[in-house]
J.: 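Input: one structure, supplied below.
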Protein chains: 2
Amino acid sequence: MLKLSKKAEYALMAAKYMALKNSSGYSSAKEISENYQIPYQLVAKVLQNLVKSDIAFSAKGMNGGFALAKKPELISIIDIIKAVESKFKITDCMHENGSEQDCSHFNCCKIKDPLAVIQKKIDNVFTDTYLVQIL
Amino acid sequence: MLKLSKKAEYALMAAKYMALKNSSGYSSAKEISENYQIPYQLVAKVLQNLVKSDIAFSAKGMNGGFALAKKPELISIIDIIKAVESKFKITDCMHENGSEQDCSHFNCCKIKDPLAVIQKKIDNVFTDTYLVQIL
DNA sequence: TTCGAATCAGACTAATTCAGTCTTATTAGA
DNA sequence: TCTAATAAGACTGAATTAGTCTGATTCGAA
Ligand code: SF4
Ligand code: SF4
């Protein structure tokens, strides 16, 4: 179906929100949740993922929250998406050392290599788009 | 997760099979099913979808089967995929007249337009790849 | 004219994935 | 010490996907 997950969309929305917030101070999960009608717990987890991937950093306690760790010009949206989606590939076998463990058709499959070419092109679409371009 | 459905993969495999079969005669669903270890009923349905989309044609009865309706140079793989996947878009709202019916965030969403740009690029990746290129 | 091999069609079920919720712990400032 | 915030992970329900089942239709050959 080639659809992005909701988590990926929420991650992009949150990143954009933080980028637009003109530098000053943190954005809290609650704030983003209310602004974009995203369930609080869900956006909180997404933000935590962004922290883990060094795209954002966080501050606990009162007046705490999240903020971008780099300039929007330096953050590729593929990193934002991969922070929340582990498998961002068009097929199950599309990774280093793909094997018959990934797909029962692996041995008889004749479309792996052509699809790898397409995968690379799609990767480039995301890799070449930076947060600053979606503000 | 951005993954292609199995039906889409099967459609590509079946189209490739028919293209490689040097013109002569039909390919039966059973034949393709056995060659690629795809459940018979499933590949049969996929082939029927290809017929509906005028990518292949069929002949009933003994010695019947399926064959491509056009040259592989003229068949874009986006048509093969769309024959089996109705919604081939990265978000729910990504179609003509998308509205809040499609997504509860539609009104507050700030990433629709940037994602539409990305959608267009992805569409091009598939549109610009023809069956002949994956043989 | 009967039989078998094939397409055609749609309902149904099982498996997997995704979205969202719940619970509890931790941290830091007022 | 109270409160507002992040942190983490288990859990549930919903939605989607993959595969199965049943039966009809069509055509060619014996
Ligand atoms: S069908 Fe082929 S391309 Fe798809 S996952 Fe299996 S091996 Fe990979
Ligand atoms: S979140 Fe935005 S982009 Fe995604 S489906 Fe909803 S409206 Fe469209």
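Source: prediction; values computed, not measured. All values below come from the heavy atoms of this structure, side chains included, with hydrogens, waters and symmetry mates left out. In the text below, chain A, chain B and the rest are named by the order of the sequence lines, each starting its count at 1.
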J.: Do side-chain atoms of Ser86(B) reach the backbone of Lys82(B) as a donor and acceptor pair under 3.5 angstrom?
T.: no

J.: What's Ala44(B) touching, base or sugar-phosphate or nothing? Going by heavy atoms closer than 4.0 Å.
T.: nothing

J.: Would you check if the side chain of Lys21(A) reaches a backbone N or O of Ser27(A) as a donor-acceptor pair within less than 3.5 Å?
T.: no

J.: Over how many whole Å does the gap from Phe88(B) atom CZ to dT17(D) atom C1' extend?
T.: 16 Å

J.: Testing the 3.5 Å rule here: is there a donor-acceptor pair between the side chains of Glu31(B) and Asn35(B)?
T.: no

J.: Rounded to whole Å, please give me the gap between CD in Gln48(B) and P in dA6(C).
T.: 15 Å

J.: What's the shortest heavy-atom distance between Gln119(B) and Phe88(B), and which atoms?
T.: NE2-O, 3.9 Å

J.: Tell me the interatomic distance from Lys87(A), atom NZ, to dT17(D), atom C1', rounded to whole angstroms.
T.: 15 Å

J.: Could you state the interatomic distance from OG (Ser5(B)) to CD1 (Ile81(B)), rounded to the nearest 0.5 Å?
T.: 8.5 Å

J.: Distance check needed: dC18(C) C1' versus Met1(A) CE, whole Å only.
T.: 12 Å

J.: List every contact pair, protein side and nucleotides 18-21 of chain D side both N or O, where the distance is under 3.5 Å.
T.:
from    : atom 1 : to       : atom 2 : distance (Å)
dA18(D) : OP1    : Lys6(B)  : N      : 2.7
dG19(D) : OP2    : Tyr10(B) : OH     : 3.0
dT20(D) : O4     : Lys45(B) : NZ     : 3.0

J.: Using a cut-off of 4.0 Å on non-hydrogen atoms, how would the nucleic acid contact of Phe66(A) be classed: base, sugar-phosphate, or nothing?
T.: sugar-phosphate

J.: In Å, rounded to the nearest 0.5 Å, how long is the span from CG of Leu131(B) to NZ of Lys70(B)?
T.: 10.5 Å

J.: Strictly below 4.0 Å: does Ser58(A) bring a side-chain N or O up to OP1 or OP2 of dA5(D)?
T.: no

J.: Note the angle between the end axes of the helix from dT1(C)-dA30(D) to dA30(C)-dT1(D), five pairs defining each, rounded to 10 degrees.
T.: 0°

J.: So with a 6.0 Å cut-off around NZ of Lys7(A), is the heavy-atom count from everything else above 12?
T.: no

J.: Rounded to whole angstroms, how far apart are CG on Leu2(B) and P on dT17(D)?
T.: 13 Å

J.: Are any side-chain N or O atoms of Ser76(B) and backbone N or O atoms of Ile78(B), one a donor and one an acceptor, separated by less than 3.5 Å?
T.: yes

J.: Rounding to an integer number of Å, can you tell me how far Lys52(A) NZ sits from dT6(D) P?
T.: 16 Å

J.: Measuring from Ile134(B):CD1 to Met13(B):CE, what's the distance to the nearest 0.5 Å?
T.: 10.5 Å

J.: Send over the distance from Phe57(A) CZ to dA5(D) P, rounded to a whole Å.
T.: 17 Å

J.: Closer than 3.5 angstrom, by distance alone: can the side chain of Ser33(B) be matched with the main-chain N or O of Ala29(B) as a donor-acceptor pair?
T.: no

J.: If you take all heavy atoms of Asp92(B) and His95(B), which pair is closest and at what distance?
T.: O-CD2, 3.4 Å

J.: Starting at CE of Met18(A) and ending at P of dT6(D), how long is that distance when rounded to a whole Å?
T.: 11 Å

J.: Provide a list of protein-nucleic acid N or O atom pairs under 3.5 angstrom, restricted to nucleotides 27-30 of chain D.
T.:
none

